[in-house]
Amino acid sequence: MSGVYPSNLHGYDVKTNKSRYHNARLRVQDAQKSKSDDVGTAKIESSPPTNKKLISILVVMTVVTWGLATTAYFGVVDYKAILNLGSRDTEPVVESKAETDQVVEADKPKVEAPKTSTKSDSGEKAAKDPGEVTKKKKPKTLSDEDKRILSEIKIGEKLLQQKKGEKAWKFFKDLTKTNPDCPKAKYLEGKAAEMTASQQRSNPMIGLAIEAFSTAVQMKNCPKELKKLSLTAKSENEGFLGRMKPALETQRTLARLYPKDVSILNKLGVRFLMLGKNSAAKKVYQEVLRLAPNDGFALVHMGFIVKQEGSWEEAIPLLKKGTDSNEPGTQEGKFYFHLGDALHRTNRTAEAKAVYEQGAERGLFRSKYQRSLYNVERLTGKPFWTPEEAGVKEYVRRLESNWKSIRDEALSVMDMEKGLFLLEEESLKDTGEWRQFTLFARGHRDENNCRRVPKTCSIIERMPNARGCRRGQVKFSVMMPGTHVWPHTGPTNCRLRMHLGLVIPRTGSGARLACAGEMRTWTEGKVLIFDDSFEHEVWQEAESFRLILIVDIWHPELTEQEKKTLTSI
Ligand code: LMR
Ligand code: MN
């Protein structure tokens, strides 16, 4: 459900880098199994380095799910323990040598990467002299040793101002070689490497920047403010490279230095969330809200965590107050998404609708119904599609003419080993029982499962737009009577969803699906196509099970290049 993007790059050759970026990204993504059927298992992107150039090339940062399996945290009991547990006072060992992928993505969610409150550490403020006009003393970043070479430092800074990244980097590298005890110069060497990295799109250069920041921090004469700058830059760059654990450790070191700095703590919370350590993140946000009860960033994140825990009522005021604050980092689709969802699930449907409308007005959703967050903007969006429109007439013909063998294979798996059908785990279900048996996910064939239903898999195998749909799945889906699935939204507008009816009961009130408010039902042996990035809801009110085959396909307007390069979901 999440993606981190390390790669192992040497040299600056862009072409080489690109393919390495790509492969490494896929490797890591594969290691992190996706279950994303819906945005409900929302994703977050890590904070990018502050370097605007890097942001401007639309580098996709680590994409992490905040959903399931995130509660297991290593026995943290209190906030202080979170800061200190397992941590070193100095720099963490970089646990992976792998470097990251910087993926230029077309469909980065519109929302910006999390920004945190910029409120500063109340504990660090200089005491005010009431009679005086407040003149903030600039915190010291120069050590005595740096002051000795100030004129040279200034020359290097000038190069940085002129955006001469590589020249500045070489300058500072030489300067720190002859003056190895000057933390400010070392820090600036890091900044110059960071600039060079963005100008040359070089990950190894980011690695060098991290090393320089790390060295600066470790120097005995490093002023506290410079430590703060260096650690901040280090953590951001580590996060950028997908080195999430070191990034967390660095942020923790920062939080130990500035335990009351709301901005630092807010980022620490995000770092925990990105590693799925929700309960640790929760403790951090509790602390932030103790220090600053109205901090919007902390409120939305606390609301998000509480919502994931299933406490809808409790999540609502947090998400609401947080999004209403309009503070940086609060205007993200996922917060509106979860606020609306929590409202809906607690019967406040009118308010939920208003939140979705507001989200759409603010450009966080494509529309009040189409609330996917990983979108290619130009793609046509509408709830239902004909096979012609979806460009899959031939696929539909093959599925429909083979529907009985497909059904029989599904039934044989269901009959013999019901345990193979796994329970839906994304908290989409309100009541009843809903199970799935996955054949392909994110473009990968599940060999074990395909062995049990070989005909179905061989049919899919000959459908490149389904087989290769890295933003979707192919799966059998069985729903028991009495099942209601909450209205929900898929994560991306890059796929369309085919449903082949296999066993469709007609008793009771039957089984039906609404997409964007429009009701449909299934027919045995027939394919229904809808766009699951639009809100949809399912009711199973028959007296026996309903069984379908779900086949996701690439949106017909995507180019071949996009199909190859879009990240998996
Ligand atoms: C969905 O795609 O969310 C559902 O419609 C699946 C199902 O089994 O009905
Ligand atoms: Mn769905």
Side-chain angles (χ1 to χ4, degrees), residues 1 34-42 67-68 337 340-341 344-345 369-374 381 383-385 390 399 406-407 410-411 413-414 421-442 456 466 469 471-505 509-524 526-542 544-553 555 569:
M1 286 189 277
S34 168
K35 294 199 187 76
S36 29
D37 192 50
D38 85 319
V39 168
T41 53
L68 313 159
F337 182 99
D341 196 43
H344 189 99
R345 292 182 185 205
Y369 282 128
Q370 196 180 18
R371 302 192 296 271
S372 50
L373 297 178
Y374 291 78
F384 291 99
W385 291 66
L399 288 170
I406 295 171
R407 175 198 61 192
L411 287 174
V413 187
M414 262 181 71
F421 272 69
L422 302 178
L423 284 172
E424 180 274 330
E425 292 185 308
E426 294 179 57
S427 313
L428 300 179
K429 183 176 59 66
D430 169 18
T431 57
E433 187 178 333
W434 176 16
R435 289 178 182 268
Q436 298 173 341
F437 184 77
T438 301
L439 311 182
F440 293 84
R442 298 151 62 95
T456 308
C469 182
R471 292 198 157 191
Q473 303 113 44
V474 178
K475 57 195 179 188
F476 290 115
S477 172
V478 64
M479 243 180 233
M480 297 304 163
T483 304
H484 171 231
V485 177
W486 291 116
H488 64 282
T489 301
T492 174
N493 75 338
C494 295
R495 72 186 187 206
L496 299 179
R497 182 155 271 199
M498 303 199 283
H499 279 182
L500 173 65
L502 299 174
V503 178
I504 310 299
S509 311
R512 59 196 186 279
L513 165 135
C515 184
E518 195 180 329
M519 199 72 78
R520 296 278 170 105
T521 186
W522 301 269
T523 306
E524 288 182 0
K526 292 286 167 216
V527 167
L528 170 80
I529 307 174
F530 73 106
D531 181 341
D532 82 324
S533 64
F534 284 80
E535 176 187 298
H536 53 287
E537 182 171 2
V538 185
W539 299 263
Q540 214 295 43
E541 293 170 349
S544 54
F545 68 86
R546 183 231 59 178
L547 177 65
I548 59 171
L549 174 68
I550 298 176
V551 181
D552 290 333
I553 46 166
H555 191 289
I569 294 178

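Quick note: numbers below take in every heavy atom, side chains included, and nothing from hydrogens, waters or symmetry partners. For the single chain, residues carry numbers from 1 onward in sequence order. Because the structure is a prediction, the values reported are computed rather than measured. For ligands, and for the atoms within them, numbers begin at 1 and follow the listed sequence.
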*asked:* Is the shortest side-chain heavy-atom distance between H536 and H488 below 4.5 Å?
replied: yes
Requested in this report: Report yes if some heavy atom in the side chain of E433 is under 4.5 Å from a heavy atom in the side chain of L423; otherwise report no.
Outcome: yes
Of the backbone atoms (N, CA, C, O) and the side-chain heavy atoms from C-beta on, which set of [X] has a member under 4.0 Å from an atom of ligand 1: side chain, backbone, both, or neither?
| X | value |
| --- | --- |
| V485 | neither |
| Q436 | neither |
| L513 | side chain |
| I550 | side chain |

Looking at H488, the N/O/S atom that lies nearest to the Mn ion (ligand 2) is called NE2
For [X], counting its heavy atoms only, list the atoms of ligand 1 lying under 4.0 Å from any of them.
| X | value |
| --- | --- |
| H536 | 1 (C), 2 (O), 3 (O) |
| H488 | 3 (O) |
| I548 | 7 (C), 8 (O), 9 (O) |
| S477 | 7 (C), 8 (O) |
| M479 | 7 (C), 8 (O), 9 (O) |

query = Does E524 use its side chain to pair, donor to acceptor, with the backbone of I504 at less than 3.5 Å?
reply =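 Yes; judged by distance alone, with no hydrogens or angles, the pair exists.
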| Can you check side chain to side chain contact (heavy atoms under 4.5 Å, CB included) on E535 and R371, steps first, answer last? | CA-CA 7 Å; E535 176 187 298; R371 302 192 296 271; 2.9 Å; yes
W522 versus ligand 1: do any nitrogen or oxygen atoms come within less than 3.5 Å of each other?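 N/O-N/O distance below 3.5 Å does not exist for this pair.
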### Task
Return yes if a side-chain donor-acceptor contact under 3.5 Å exists between E537 and H484, otherwise no.
yes
#### Entry: Modelled atom types, side-chain donor and acceptor of S533 and R495, under 3.5 Å
no
Query raised in the report: Cation over ring, R520 on F384, under 6.0 Å and within 45°?
Result: yes
In this structure, does ligand 1 have an atom that sits under 4.0 Å from one of the heavy atoms of R546?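 Under 4.0 Å: yes for R546.
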Using 30° and 60° as the class boundaries, would you call the ring planes of F437 and F421 parallel, tilted or perpendicular?
parallel
